[in-house]
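Side chains included, hydrogens not; waters and symmetry mates left out as well; all remaining heavy atoms used. Below, read A as the first sequence line, B as the second, and so on, with proteins coming before strands; counting in each chain starts at 1. Values in this document were obtained by computation on a predicted structure and should not be read as measured data.
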Number of protein chains: 2
Amino acid sequence: MTVAPAAVSSARFSAQIRSQALQTRIMELILERGLDVGDALPTESELSAELGVGRNTVRESLKVLQALGVIEIRHGFGMFVAPNNFSALVSGLTFRGRLSLRHKGEEAMELIDVRQALESGLIGSAIDLLTADHLADLRSTMQAMQDAAAKGEPLAEHDAEFHRRLYAPLNNELLINLMDVFWQVYRQIHEALGSGPVNLEEQVQIHWDIYEAVDGRDKALASERLQRHFDGIRLKLKDVAAS
Amino acid sequence: MTVAPAAVSSARFSAQIRSQALQTRIMELILERGLDVGDALPTESELSAELGVGRNTVRESLKVLQALGVIEIRHGFGMFVAPNNFSALVSGLTFRGRLSLRHKGEEAMELIDVRQALESGLIGSAIDLLTADHLADLRSTMQAMQDAAAKGEPLAEHDAEFHRRLYAPLNNELLINLMDVFWQVYRQIHEALGSGPVNLEEQVQIHWDIYEAVDGRDKALASERLQRHFDGIRLKLKDVAAS
DNA sequence: GGAAGGAGAAAGGACGTCCCATCTCCTGTA
DNA sequence: TACAGGAGATGGGACGTCCTTTCTCCTTCC
């Protein structure tokens, strides 16, 4: 027998709201004082005094704000308004993904779906805005990836860099960060499962194929090859999850 | 007094790494014990003892995990593995958006861009999977929106519901959550700026147009109308930011 | 005069303790 | 049988204390 939903939500109202209210107050304090990225916040003691709550309480809120990428805490120095940073999402999403893998791995698959939709959906716009410089960057990344593969080194970082640069023309930090988060979550889930043997040459070839399509400004082909790239990733994930 | 040797060896790393390591340890504890969504975690005191850290320290990590949507804390009852929930991201992203509006509002615009890319890019796949039931849900949402507009009530909730149901056929919780986050952030930024007068009838008409395109299974038209919907949102945001 | 190094201050990190707030569950009484 | 209230458990919060890290500035030596 479950409790009435209304009872639960009202019960949690006061408890949940208070801690979030404190976080909001700190954020509004930043906005009101006109603090910008890199500026220092008041010290923990000052905040504790100004907001009328204990230092431990304010610290809990500050840790949350740090986790949300709002502030940056430097031990022994102070706290500062942080530059855009989504890395905090990674751990939470990774946990979600690993949790779901105990069932049917649905959430992990959903993550790939979102990545696929974002990337294959946006490649057209990216190609529209692509300049020679962007293409050169992309090519040098591919070269580095190929070199790494030849030495038998892991491609992970080059892979991430490739996808990052692919969408650099869109000039959208948020998008890049979001894609990066998804990429890292996929990688961590994969590692947590114990990645099987990977075919480095095949990986490189897949990315070269995408590069060629982009180089030729063939939006449909690029989209299709990205789509297939993700189909492969999905299969691999399903494979590992089954074992 | 000696705890696990592993805990001591990481002492040389920065404090930021250590607090994140504690969060990771708690998440792995959940995974190792096979806890699932809704299951109870050990109490704060138990965690404090098991992990060999003080209760206040463990509380800071728990608050972060709560903010990341990993656990749910119910005062006086206990802590539980939370169902998927991204609502915590909203406040962080909203802060980012408001901060950016003091300059040129770039980050807020990027947020709209990502939403636009996601929605207009995925509407095709959604239409492919659309069933009569989904369409009926969508229609009833539209009806509710129209009724609200007739009474002069705010459309916000109906608007959110419309977009949520539009992509329900994809059966991707992560995507729905993500879109919801973006929607809420946009709304909060808009409210923080002080929304100007809104034309309710026009809002309803725009959504009816999208509904019609979806009803007719015209992917291109639906995508184009969504695109224009977001162009309108973008203009409105720019307008308000300029004032 | 300039660079290297150490002392001190300032800030965050960690912990322990105490008490309060709120929830659930059980008991007792009408 | 049903409802009210209390007991116990659990999270919430506030101090106070001491440790660790980092920066800054001053001293010292070359």
Next on the checklist: Which is more 5' along DNA chain C, the nucleotide nearest A:Met79 or the one nearest B:Gly54? Just name the residue.
Outcome noted: A:Met79

Item to check | Whole-Å gap separating C1' (C:dA11) and CG (A:Leu47) | outcome: 12 Å

Checklist entry - CD of A:Glu72 versus P of C:dG12: gap in Å, rounded? => result 13 Å

Item to check | Length of the CZ-P vector between B:Phe80 and D:dG11, whole Å | outcome: 8 Å

Checklist entry - For C:dA11, does either OP1 or OP2 sit under 4.0 Å from a side-chain N or O belonging to A:Thr43? => result no

Checklist entry - Taking B:Glu110 for the side chain and A:Leu174 for the main chain, is one N or O donor matched with an acceptor at less than 3.5 Å? => result yes

Next on the checklist: At less than 3.5 Å, do the side-chain atoms of A:Arg55 and the base atoms of D:dG16 form a donor-acceptor pair?
Outcome noted: no

Next on the checklist: Quick check on DNA chain D: between A:Gly52 and B:Ser45, whose nearest nucleotide comes earlier from the 5' end?
Outcome noted: B:Ser45

Item to check | Residue list, side-chain contact (heavy atoms from CB on, under 4.5 Å) with B:Ser45, at least two apart or on another chain | outcome: B:Thr43, B:Arg55

Checklist outcome for this item: Assert: residue with more 5' nearest nucleotide on DNA chain C, out of A:Phe77 and A:Lys63, is A:Phe77

Checklist entry - Roughly how many Å is it from CG in A:Asn56 to C1' in C:dG12, rounded to a whole number? => result 12 Å

Checklist entry - Just checking A:Gly76: base, sugar-phosphate only, or nothing, at a heavy-atom cut-off of under 4.0 Å? => result base

Checklist entry - C:dC15 C1' sits how many Å from A:Glu60 CD, rounded? => result 13 Å

Next on the checklist: Set out, in order, the CA-CA distance, both residues' side-chain angles and the distance that settles side chain to side chain donor-acceptor pair (under 3.5 Å) for A:Arg234 and A:Gln116, then state yes or no.
Outcome noted: CA-CA 10 Å; A:Arg234 198 180 282 111; A:Gln116 183 172 31; 2.4 Å; yes

Item to check | Euclidean distance, atom CD of residue A:Glu44 to atom C1' of C:dA14 [Å, nearest integer] | outcome: 11 Å

Checklist entry - Heavy atoms under 4.0 Å, any strand shown: does A:Ile73 hit a base, just sugar-phosphate, or nothing? => result sugar-phosphate

Checklist entry - Is B:Arg59 touching bases, backbone alone, or none of the nucleic acid, heavy atoms closer than 4.0 Å? => result base

Item to check | Sub-6.0 Å ring centroid separation between A:Tyr186 and A:His190 | outcome: yes

Checklist entry - Quick one: A:Leu51 CG to D:dG13 C1', roughly how many Å, whole number? => result 14 Å

Next on the checklist: Measure CG/B:Leu22 against P/C:dG13 and give the value in whole Å, please.
Outcome noted: 13 Å

Item to check | No-H, no-angle donor-acceptor pair, A:His75 side chain to D:dT20 base, under 3.5 Å | outcome: yes

Next on the checklist: Using the ring centroid of each side chain, check whether A:His163 and A:Tyr167 are separated by less than 6.0 Å.
Outcome noted: no

